[in-house]
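Note that these values count all heavy atoms, side chains included, but never hydrogens, waters or copies made by symmetry.
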Amino acid sequence: MVSVYGAFISYQVNVDQNGQNILGDAANECPISVDPTDGNKMTIAWRQFNDVTSNFRQGGWGYTTDAGITWTFPGVLQNNVFRSDPVTQSNEVGQFFYLSLQSDVQQSFFCDDLWRSTNGGQTWTEQSPDRSAGGDKEWFTIDKTNGPGHGFQYQAYDGANCAFTSAAFQRSTNGGVTWQSPVVIPNSPEWGTLDVDTNGNVFVGGWTGGTGFRCVRSSNAQIGGQTPSFDRNTAVNLGGSLLYLGAINPGGLAGQPFLAIDHSGGATNNNIYMLASVVPSGRSTTDVMFVRSTDGGLTFSSPHTVNDDGLTNKWHWFGTFSVAPNGRLDAVWYDSRNAANNTDSQLFYSWSTDAGVTWSPNVAVSNPFNPFEGYPNQSKIGDYITIVSDNTGGNVAYSATFNFNPTRGEHEEDVYYVRVSPSGGGTPTPTPTASPTSTPTPTATATPIASPTATPTATATATPGSSPTATPTATATATPTSTPRATPTPRSGPTARPRPTPAPRP
């Protein structure tokens, strides 16, 4: 599937060896990472349901070497191993990392393991032993500064975890080979992301229940000989509350809180930003809300609404954002503003060049899709989408239901890539910013990707190929007035908060 909407082209990622759709599967929750030394190379991970009627999922992924025009889906991290909540990152020398939640069909444990790719996402090697760290709704980041914590990896997760704690934080000082003992995070912020400022301080943003959000800082996590502690803990007002088990995504979240830091080196350097789709007071639908801190997380601005339609009966959900190296902010989300039924959604985009004080007019960048179709046993299209920005635009991974499955008489969930930018669709990639002298990540003594460690009963594994030879056939229902964009040139001791009832499923 190649879905054209005006200047924007969405390319399907979870494809077979001929670049075509795999009928009957489902894929959602798709983090994207980009090689900063070569923007042609990207990887996207996802939850791979080989049978849309099954609740069993595995760690799927795809990679591209031509700026997202064609994708290869080699398979899953481990055959017949239950995996969920994929998260990916890249370091400054172009290595990719994949943090994966592992469990069993009974979901009797929630632990993570980390994988690394040194060849652009073509193959992965497990770095850390199974059940060695982590928990549910995990996110992680890598210290890319030149300080003492260079190369350290940090992850945070909620109270369903391997250590049986409340929301916790863990550090690896050797590239994810081993993880130090978890440290409980004050006020138990969860379901949010982490980032490192240019001074090596680690910030975690998350939700604490209701309208409560927190931004906490560890200034000593970068010192390998010290146990990480949190020396700043700020309440954040995002203008509403997270929605779990809501009408737009019945089995999941309407969005998660995202935190990211400006590394531009300019006037906005080390600004801390948070964004989430929340339910404002008196509402039942969500808006995309944004706040910023210009003083290292001591205080935050009043919340600003990014979606500009002003419609209170519409959904603006799965909001996420990233910060470009030059300080520009890019935000994307699902939006039902154009739907007569108030639920059919499109991917929307907005950007800011003044640290989020003002945002551009919102732009639709995808065809509409029905988010209620193609549910893989779980009644949701995952819990999140992601974007990674460079100086001219953003690379987006999202799930949508463009493909029709005639056997089931409905559309199905698949993963898509689209390039967004203030100038429209795909744009040239800026000069790579990676440092060629950076310290490489240590190599683990690891199990190869083909060696499964568990064999719970599962549905049959899909058999995607590994070398598509052509751009997928354009079978999308493009808007009548749209024209395809020209083929882009490849880019050179706290009190734990009770968990929601019922508990979120990974």
Side-chain angles (χ1 to χ4, degrees), residues 1 11-33 42-64 71-88 96 98-105 107 112-113 115 117 121-124 126 136 138 251-252 373-386 397-403 405 408 411-417 449-466 468 472 505-506:
M1 170 65 70
Y11 297 94
Q12 187 178 348
V13 178
N14 60 318
V15 292
D16 66 13
Q17 67 270 20
N18 298 313
Q20 302 300 310
N21 179 52
I22 302 168
L23 196 66
D25 72 342
N28 58 40
E29 292 189 356
C30 37
I32 186 171
S33 288
M42 294 177 273
T43 189
I44 295 175
W46 62 83
R47 305 191 311 163
Q48 172 64 25
F49 296 79
N50 299 319
D51 182 344
V52 71
T53 65
S54 171
N55 189 44
F56 190 85
R57 59 269 198 187
Q58 301 174 82
W61 91 91
Y63 69 90
T64 181
W71 290 85
T72 300
F73 171 19
V76 296
L77 290 179
Q78 290 175 307
N79 288 326
N80 298 325
V81 175
F82 186 103
R83 292 186 175 276
S84 197
D85 296 1
V87 187
T88 62
F96 291 133
Y98 188 142
L99 185 65
S100 172
L101 176 68
Q102 185 183 350
S103 189
D104 54 18
V105 291
Q107 297 182 38
D112 301 334
D113 46 52
W115 300 67
S117 174
Q122 296 181 53
T123 59
W124 298 85
E126 188 173 6
D136 179 48
E138 81 286 359
E373 292 192 306
Y375 285 152
N377 189 264
Q378 288 185 313
S379 297
K380 66 179 183 179
I381 193 167
D383 287 316
Y384 55 87
I385 59 176
T386 56
Y398 71 106
S399 295
T401 58
F402 299 136
N403 279 310
N405 184 339
R408 294 181 58 82
H411 295 80
E412 58 186 30
E413 294 180 1
D414 294 300
V415 173
Y416 292 88
Y417 165 82
I449 191 170
S451 301
T453 60
T455 55
T457 302
T459 56
T461 302
T463 56
S466 58
R505 296 172 66 187

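- Side-chain contact between Phe49 and Gln378: present, with at least one pair of heavy atoms (C-beta onward) separated by less than 4.5 Å.
- For Tyr98, the ring pair (Phe, Tyr, Trp, His ring centres under 6.0 Å) partners two or more places apart in sequence, or in a different chain, are Trp124.
- Heavy atoms only, all atoms of each residue included: Ser100 and Leu77 are closest at CB-CD1, 4.2 Å.
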**Study point:** side chain to side chain contact (heavy atoms under 4.5 Å, CB included) evaluation trace for Asn14 with Trp46
**Key:** CA-CA 9 Å; Asn14 60 318; Trp46 62 83; 3.5 Å; yes

Exercise for review: Could you walk me through whether Val13 and Asp414 pass side chain to side chain contact (heavy atoms under 4.5 Å, CB included), step by step?
Suggested key: CA-CA 8 Å; Val13 178; Asp414 294 300; over 6 Å; no

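- Classification of the Tyr416-Phe402 ring pair by plane angle, with boundaries at 30° and 60°, yields perpendicular.
- When the options Lys380, Arg47, Gln48 are evaluated for a side chain to side chain donor-acceptor pair (under 3.5 Å) with Asn28, the one that passes is Arg47.
- Every side-chain contact (heavy atoms from CB on, under 4.5 Å) that Thr386 has, sequence neighbours left out, goes to Pro31, Ile32, Trp139, Tyr384, Ala397.
- Using a 4.0 Å cut-off between charged side-chain N and carboxylate O, Arg83 and Asp113 make a salt bridge.
- To the nearest 0.5 angstrom, Asn80 atom CG is 5.5 Å from Gln58 atom CD.
- Here the shortest heavy-atom pairing between Gly374 and Ala26 reads O-CB, 4.2 Å.
- With sequence neighbours excluded, no residue forms a salt bridge (charged side-chain N to carboxylate O under 4.0 Å, His left out) with Asp112.
- The shortest heavy-atom contact between Asp16 and Asn18 is OD1-N, 2.9 Å.
- Scanning all heavy atoms of the two residues, the minimum distance from Gln122 to Trp61 falls at O-CZ2, 3.4 Å.
- You'll find the side chain of Ser84 stays beyond 4.5 Å of the side chain of Ser103, heavy atoms only.
- Contact annotation: the side chain of Glu126 approaches that of Trp115 to within less than 4.5 Å [non-hydrogen atoms, C-beta and beyond].
- Between Asn55 atom CG and Gln107 atom CD the span is 6.0 Å, to the nearest 0.5 Å.
- You'll find the side chain of Phe56 stays beyond 4.5 Å of the side chain of Asp51, heavy atoms only.
- Taking CD of Glu413 as the start and CG of Asp25 as the end, the distance is 10.0 Å to the nearest 0.5 Å.
- Between Glu138 and Leu101 the shortest heavy-atom distance is OE2-N, 3.5 Å.
- Interatomic distance, Met1 CE to Thr401 OG1, rounded to the nearest 0.5 Å: 10.0 Å.
- A heavy-atom distance below 4.5 Å is not found between the side chains of Gln102 and Phe82.
- Separating the CD atom in Glu29 from the CG atom in Asp383 is a distance of 4.5 Å, to the nearest 0.5 Å.
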Review point. Under the side chain to side chain contact (heavy atoms under 4.5 Å, CB included) criterion, do Arg408 and Thr53 qualify, and how do the steps go?
Key: CA-CA 10 Å; Arg408 294 181 58 82; Thr53 65; 3.3 Å; yes

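- Taking the ring centroids of Phe96 and Tyr63, they lie at or beyond the 6.0 Å cut-off.
- Between Leu23 and Glu412, the closest side-chain pair of non-hydrogen atoms falls below 4.5 Å.
- Trp71 places a side-chain heavy atom less than 4.5 Å from the side chain of Ile44.
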Exercise for review: Tell me, with the steps shown, if Thr43 and Ser117 meet side chain to side chain contact (heavy atoms under 4.5 Å, CB included).
Suggested key: CA-CA 10 Å; Thr43 189; Ser117 174; over 6 Å; no

